[in-house]
Amino acid sequence: MNRAQLLFKAIDVIGYPLQNTVRKKGVTCEKDIAYGDAERQKVDVYYADIYKSVKKTVVVNFHGGGFVMGNKKYRRSFAEILADKGYFVVNANYRLGPEHLFPCCAEDAVKAVNFLAELARDHYIDLDKVVVCGDSAGAYVASFAVAAAYSETLRKRLGLPAPVVRPKGFIGFCGVYDVAKMVAMREPFGIAKVTGESFMGIKLRHNIKALMQYEYLDCVSTVDLVTPDWPESLIVYSAHDIICPHQGEAMIKKFSDCGVPCSFYRAPSLVDNHCFHFHFWRKASKEAMAAADRYLEKISN
């Protein structure tokens, strides 16, 4: 286990009790439904029993974990909160580095969204109202689901499946969207570079210039893949994010440059740092979740 894996594993283990304090009665969870043949290609689905016969907007959520760790089980409270509001929530796992390099996670993003067509056979869901979201690395994976759905050129470049279902919305929580900016960060113990190596399979710690020769440099950063075809989006970020600094601002600017409607929530306090929205008892989290509520209601109506 490398340094990045150790760090993000520790974040999951330490954060789990705090980030999953919320439980909602009357929410059903169906676990470990396979959307592919790989062990990590599984989803949990959440829905409120009282809305079972109501046609529901779908929220597909991808967990964070630095592309090397994380699991859908760590996002249970987040899923239950949304399901309790009437959404059909799909909490997805995806393949991780360093065993599975980019573009494996991009392929899984498309497959997980396409799998909604099969879930629709057994669940009353609206495939015309699908929002993808995620936190940290999961926001990147979610943004790739959008990018691939609206670009045949990108799909051909990476050998990705054609979209069966196209997302109508995107929410990024404290996401990373510019991989080059991420790996160039100066962090203790070179964690950013180790993360990049585990994600892309290239050596960066002693030669950051190796990134310039990376096979997928032209399409590894989703901030470079935004086009005017993107659906309306919401970016939630921290002004003092120590893991993904300035990534949210870069995505907001790109949306603006491309004419993509985008709202945002910015947590101003240093205390409300990376993935602050999981601290559901704090004011910033409540405001961020309220922004997500308003956005989802708009997509649903």
Side-chain angles (χ1 to χ4, degrees), residues 1-20 38-42 61-75 91-109 134-144 172-217 219-223 237-238 240-248 250-251 273-278:
M1 188 175 288
N2 64 38
R3 283 172 286 176
Q5 290 173 302
L6 286 170
L7 171 65
F8 287 106
K9 181 64 175 179
I11 290 173
D12 277 338
V13 171
I14 295 170
Y16 179 77
L18 293 175
Q19 296 175 358
N20 289 276
E39 176 62 27
R40 290 277 308 181
Q41 292 174 328
K42 292 179 181 176
N61 181 61
F62 297 93
H63 64 79
F67 303 106
V68 295
M69 281 290 167
N71 194 290
K72 53 187 170 58
K73 70 180 181 180
Y74 297 126
R75 304 296 181 257
N91 236 357
N93 274 354
Y94 52 93
R95 288 172 292 172
L96 303 172
E99 182 179 1
H100 299 286
L101 303 174
F102 179 86
C104 286
C105 65
E107 179 182 352
D108 290 355
D135 62 275
S136 196
Y140 171 93
V141 176
S143 65
F144 222 105
F173 293 92
C174 299
V176 54
Y177 312 106
D178 188 332
V179 174
K181 182 182 290 185
M182 177 191 78
V183 300
M185 288 174 55
R186 292 186 177 181
E187 289 188 321
F189 310 109
I191 292 296
K193 291 180 177 60
V194 176
T195 300
E197 290 177 352
S198 299
F199 178 57
M200 294 180 284
I202 57 177
K203 295 296 182 181
L204 296 169
R205 275 167 285 182
H206 303 294
N207 183 20
I208 190 64
K209 293 181 180 178
L211 181 65
M212 297 302 103
Q213 282 76 52
Y214 178 53
E215 178 183 4
Y216 299 117
L217 181 62
C219 57
V220 72
S221 294
T222 54
V223 71
Y237 70 101
S238 169
H240 303 281
D241 198 320
I242 61 173
I243 303 294
C244 299
H246 312 301
Q247 294 273 343
M251 200 64 158
N273 212 279
H274 188 64
C275 291
F276 65 92
H277 62 293
F278 290 134

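Count residues from 1 along the sequence.
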Can you give me the closest heavy-atom contact between [X] and [Y], atom names plus distance?
X	Y	result
Cys275	Cys174	N-SG, 3.2 Å
Ala192	Met182	CB-O, 3.3 Å
Pro98	Asn2	CG-ND2, 4.3 Å
Asn273	Ile242	OD1-N, 2.9 Å
Gly65	Ala137	N-CB, 4.2 Å
Val179	Ser221	N-OG, 2.9 Å

Show your working on side-chain contact (heavy atoms from CB on, under 4.5 Å) between His63 and Asn91 and close with a plain yes or no.
CA-CA 8 Å; His63 64 79; Asn91 236 357; over 6 Å; no
Centroid-centroid under 6.0 Å between His246 and Tyr237 rings:
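That pair fails the under 6.0 Å test.
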Test of ring centre spacing under 6.0 Å for Tyr16 and Phe278:
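Judged by ring-centre distance (under 6.0 Å), Tyr16 and Phe278 do not meet the cut-off.
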Under 6.0 Å from the NZ atom of Lys9, do we count more than 12 heavy atoms belonging to anything else shown?
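Incorrect, the count does not exceed 12.
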Using 0.5 Å steps for rounding, measure from the [atom1] atom of [X] to the [atom2] atom of [Y].
X	Y	atom1	atom2	result
Leu6	Ile11	CG	CD1	11.5 Å
Met185	Cys244	CE	SG	7.5 Å
Met200	Leu101	CE	CG	10.0 Å
Leu7	Ile243	CG	CD1	6.0 Å
Leu211	Lys209	CG	NZ	12.5 Å
Glu197	Ile202	CD	CD1	8.0 Å

Side chain of Ser136, backbone of Gly138: donor and acceptor closer than 3.5 Å?
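No.
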Please report the C-alpha distance between Lys72 and Lys42 in whole Å, then the side-chain angles of each, then the deciding distance to 0.1 Å, and finally whether the side-chain contact (heavy atoms from CB on, under 4.5 Å) criterion is met.
CA-CA 9 Å; Lys72 53 187 170 58; Lys42 292 179 181 176; 4.2 Å; yes
Does the side chain of Gln19 reach to within under 4.5 Å of the side chain of His277, using non-hydrogen atoms?
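Heavy-atom side-chain distance check fails, nothing below 4.5 Å.
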Using the side-chain hydrogen bond (donor to acceptor under 3.5 Å, both in side chains) rule, pick out the option among Asn20, Asn61, Asp135 that qualifies with Arg75.
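Output: one option passes, namely Asp135.
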Whether the Asp241 and His274 side chains hold a donor-acceptor pair (N or O, under 3.5 Å, no angle test) is what I'd like checked.
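Distance-only check passes for Asp241 and His274.
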Ring pair (Phe, Tyr, Trp, His ring centres under 6.0 Å) partner of Tyr140, the single match among Phe67, Tyr177, Phe62:
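Among Phe67, Tyr177, Phe62, the one that satisfies the ring pair (Phe, Tyr, Trp, His ring centres under 6.0 Å) with Tyr140 is Phe67.
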Do NZ/NE/NH1/NH2 and the carboxylate oxygens of Glu39 and Arg95 come within less than 4.0 Å?
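Result for this pair is no, no salt bridge flagged.
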Checking side chain to side chain donor-acceptor pair (under 3.5 Å) for the pair Gln41/Asn93: CA distance, chi angles, key distance, verdict?
CA-CA 6 Å; Gln41 292 174 328; Asn93 274 354; over 6 Å; no
